[in-house]
**Student:** 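Can you keep this structure in mind? I'll have questions shortly.
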Amino acid sequence: MAEIETTRADIRALTGVHLYHNYMSNCSQRVSLALREKGVDYTSHHIDLQRQENLTDAFVALNPNKVVPVLVHDGRTYVESNDIIDYIDKAFEGPRLIPDDPQIVALTEALLSASAALQDTIKFLTYEFLMKPISLKSARKNNALEAEEVDSDRHRFLTEFLAPGGFTKDRITAEAAALSAAFDMLEHRLTDMPWLSGATYGLADISWFPNLRRAKMMRYPLERHPALAAWFERASKRASIKASILQTEQLAPRMFMAAYSRYRALRGTSISAYLGASG
């Protein structure tokens, strides 16, 4: 459980559940989805990432990592989305999202770790295939590179992103392959199970759904993984997913992502162009 000490007295004085998040952030989406599944009422605090509200002194005092989501529960602060959803399942009443079965617990923990490990790939591919023009404009306008500590992960990422020509073809191909390999792993899991968590929907499904949603937005050919595609369609019908993700994503960025993804597809430079032939 990733609990941190905030320096903000106003945060420590909060009561109830507060979620600092962004509606388009896949990490934020899994937390709001877990809260919805557990039936937890919470206060929403939207953080505008394009305006770099996550880099303000007030937010950095809340989370020095400068990322969303952040969950505050009765003045205690939690970060890292997969740790947060595990905390939500244990701290609140409602349907258990991890059954009391050691084998399922171990499997779920492995799938949550795999989801967390894929986050850098999801971020990379999102910048490349969904947000490249607007992210370039925002980063240059706000001197984003100068705002980061030299040799930090984000400084290295922005240096590569802002370089003439952007990310290299080899790097894009490697990240696309990493996403495909992760989906192959999920496909194998789903060959004889309806849900990633086993017989019933649970934390593993909650953790992975936003990643699949993001891949679909960038026109990843999910037909390469038929069992995973069927899982995605089943999950998309859940009321919790409709309410916490599908109906809350902001219209303007969603439309921009759809338009840019279509533009890349028409130019033959979508994510499909960087994937090897389907086996």
Side-chain angles (χ1 to χ4, degrees), residues 1-6 8-23 25-47 62-63 65 67-116 119 189-190 193-213 231-232 234-249:
M1 181 196 312
E3 181 178 0
I4 63 172
E5 284 288 339
T6 178
R8 288 177 54 181
D10 61 321
I11 297 296
R12 294 195 299 271
L14 289 174
T15 58
V17 180
H18 296 256
L19 179 61
Y20 296 79
H21 65 120
N22 180 279
Y23 292 116
S25 156
N26 66 308
C27 293
S28 294
Q29 288 174 343
R30 65 171 59 102
V31 175
S32 60
L33 178 53
L35 289 167
R36 181 78 61 169
E37 285 286 348
K38 296 289 285 191
V40 178
D41 292 328
Y42 66 94
T43 300
S44 169
H45 303 267
H46 185 258
I47 305 300
L62 172 63
N63 182 9
N65 296 326
V67 296
V68 292
V70 179
L71 184 82
V72 178
H73 181 202
D74 288 337
R76 300 178 69 171
T77 305
Y78 303 91
V79 298
E80 302 297 340
S81 61
N82 284 298
D83 289 333
I84 293 173
I85 64 174
D86 183 52
Y87 170 76
I88 289 169
D89 189 36
K90 294 173 180 174
F92 297 98
E93 296 181 356
R96 283 301 309 274
L97 298 173
I98 302 182
D100 292 324
D101 179 328
Q103 186 174 358
I104 297 297
V105 170
L107 173 65
T108 298
E109 289 176 348
L111 287 171
L112 293 186
S113 295
S115 175
Q119 182 55 33
R189 169 63 184 161
L190 290 165
M193 287 288 181
W195 300 107
L196 293 175
S197 298
T200 59
Y201 178 88
L203 279 191
D205 303 281
I206 289 172
S207 179
W208 276 95
F209 183 87
N211 292 345
L212 268 291
R213 168 73 173 159
W231 168 87
F232 182 81
R234 283 195 301 276
S236 296
K237 296 175 182 178
R238 294 183 68 86
S240 58
I241 285 178
K242 292 179 181 179
S244 61
I245 298 179
L246 304 184
Q247 295 172 359
T248 61
E249 288 180 336

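Predicted model, so just to flag it, every value in this text is computed and none were measured. For this chain, numbers begin at 1 and follow the sequence in order.
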**Student:** Indicate whether any N or O donor in one side chain lies under 3.5 Å from an N or O acceptor in the other, for R8 and T77.
**Tutor:** no
**Student:** State whether the side chain of S28 and the backbone N or O of N22 hold a donor-acceptor pair below 3.5 Å, judged by distance alone.
**Tutor:** yes
**Student:** Rounded to the nearest 0.5 Å, what separation is found between the CG atom of N26 and the CG atom of L33?
**Tutor:** 12.0 Å
**Student:** Would you say D74's side chain and T15's backbone share a donor-acceptor pair under 3.5 angstrom?
**Tutor:** no
**Student:** Regarding D205 and S197, do their side chains bring together a donor and an acceptor under 3.5 Å, going by distance alone?
**Tutor:** yes
**Student:** If we only count heavy atoms from C-beta on, is the V70 to I11 side-chain gap below 4.5 Å?
**Tutor:** no
**Student:** CD1 of I47 to CG of L19: how many Å apart, nearest 0.5 Å?
**Tutor:** 9.5 Å
**Student:** Count the heavy atoms of every other residue, nucleotide or ligand shown that sit under 6.0 Å from CD of Q247, and state whether that count exceeds 12.
**Tutor:** yes
**Student:** Kindly give the heavy-atom pair with the smallest separation between W195 and L190, and that separation in Å.
**Tutor:** C-CD2, 3.7 Å
**Student:** Is the shortest side-chain heavy-atom distance between L112 and I85 below 4.5 Å?
**Tutor:** yes
**Student:** To the nearest 0.5 Å, tell me how far H45 NE2 sits from L62 CG.
**Tutor:** 9.5 Å
**Student:** Nearest 0.5 Å please: distance from the CD1 atom of I245 over to the CZ atom of R36.
**Tutor:** 10.5 Å
**Student:** State, to 0.1 Å, how close L97 and D89 come at their nearest heavy-atom pair, and which atoms those are.
**Tutor:** N-OD1, 2.8 Å
**Student:** Please examine the side chains of N211 and S115, heavy atoms only from C-beta on, and report whether any two atoms are closer than 4.5 Å.
**Tutor:** yes
**Student:** Classify the ring geometry between Y42 and H21 as parallel (under 30°), tilted (30 to 60°) or perpendicular (over 60°).
**Tutor:** perpendicular
**Student:** Looking at CG of L111 and CD1 of I104, how far apart are the two atoms once the value is rounded to the nearest 0.5 Å?
**Tutor:** 9.5 Å
**Student:** Determine the minimum heavy-atom distance between K237 and K242, stating which atoms define it.
**Tutor:** O-CE, 3.7 Å
**Student:** Tell me every residue that passes salt bridge (Lys or Arg N to Asp or Glu O under 4.0 Å) with E249, counting only those two or more places apart in sequence or in another chain.
**Tutor:** R213
**Student:** So, for N65 and E80, which heavy atoms are closest and what is the spacing to 0.1 Å?
**Tutor:** ND2-OE2, 4.2 Å
**Student:** Sub-3.5 Å donor-acceptor pair from the side chain of S113 to the main-chain atoms of E109, do we have one?
**Tutor:** yes
**Student:** Considering the options T108, D86, N82, which one meets the side chain to side chain donor-acceptor pair (under 3.5 Å) requirement together with S207?
**Tutor:** N82
**Student:** Checking the side chain of R12 only, and the main-chain atoms of T6 only, is there a donor and an acceptor separated by less than 3.5 Å?
**Tutor:** yes
**Student:** Using 30° and 60° as the class boundaries, would you call the ring planes of Y87 and Y78 parallel, tilted or perpendicular?
**Tutor:** parallel
**Student:** Could you report the tightest heavy-atom contact between A235 and F209, atom names first, then the distance?
**Tutor:** CB-CD1, 3.7 Å
**Student:** Of all the heavy-atom pairs spanning Y201 and E37, show the shortest one and how long it is.
**Tutor:** CE2-OE2, 3.2 Å
**Student:** When you compare the side chain of E3 with that of D83, does any pair of heavy atoms fall below 4.5 Å?
**Tutor:** no
**Student:** So do P99 and R96 actually touch side chain to side chain, heavy atoms under 4.5 Å?
**Tutor:** no
**Student:** Can you check whether Y20 reaches N63 side chain to side chain, under 4.5 Å on heavy atoms?
**Tutor:** no
**Student:** Please examine the side chains of T248 and S32, heavy atoms only from C-beta on, and report whether any two atoms are closer than 4.5 Å.
**Tutor:** no
**Student:** Roughly how far, to the nearest 0.5 Å, is the OH atom of Y23 from the OG atom of S244?
**Tutor:** 11.5 Å
**Student:** In sequence, state the C-alpha distance, the side-chain angles, and the governing distance for I88 and L71, and then conclude on side-chain contact (heavy atoms from CB on, under 4.5 Å).
**Tutor:** CA-CA 10 Å; I88 289 169; L71 184 82; 4.2 Å; yes
**Student:** Got a donor-acceptor contact below 3.5 angstrom from the R189 side chain to the L196 backbone?
**Tutor:** yes
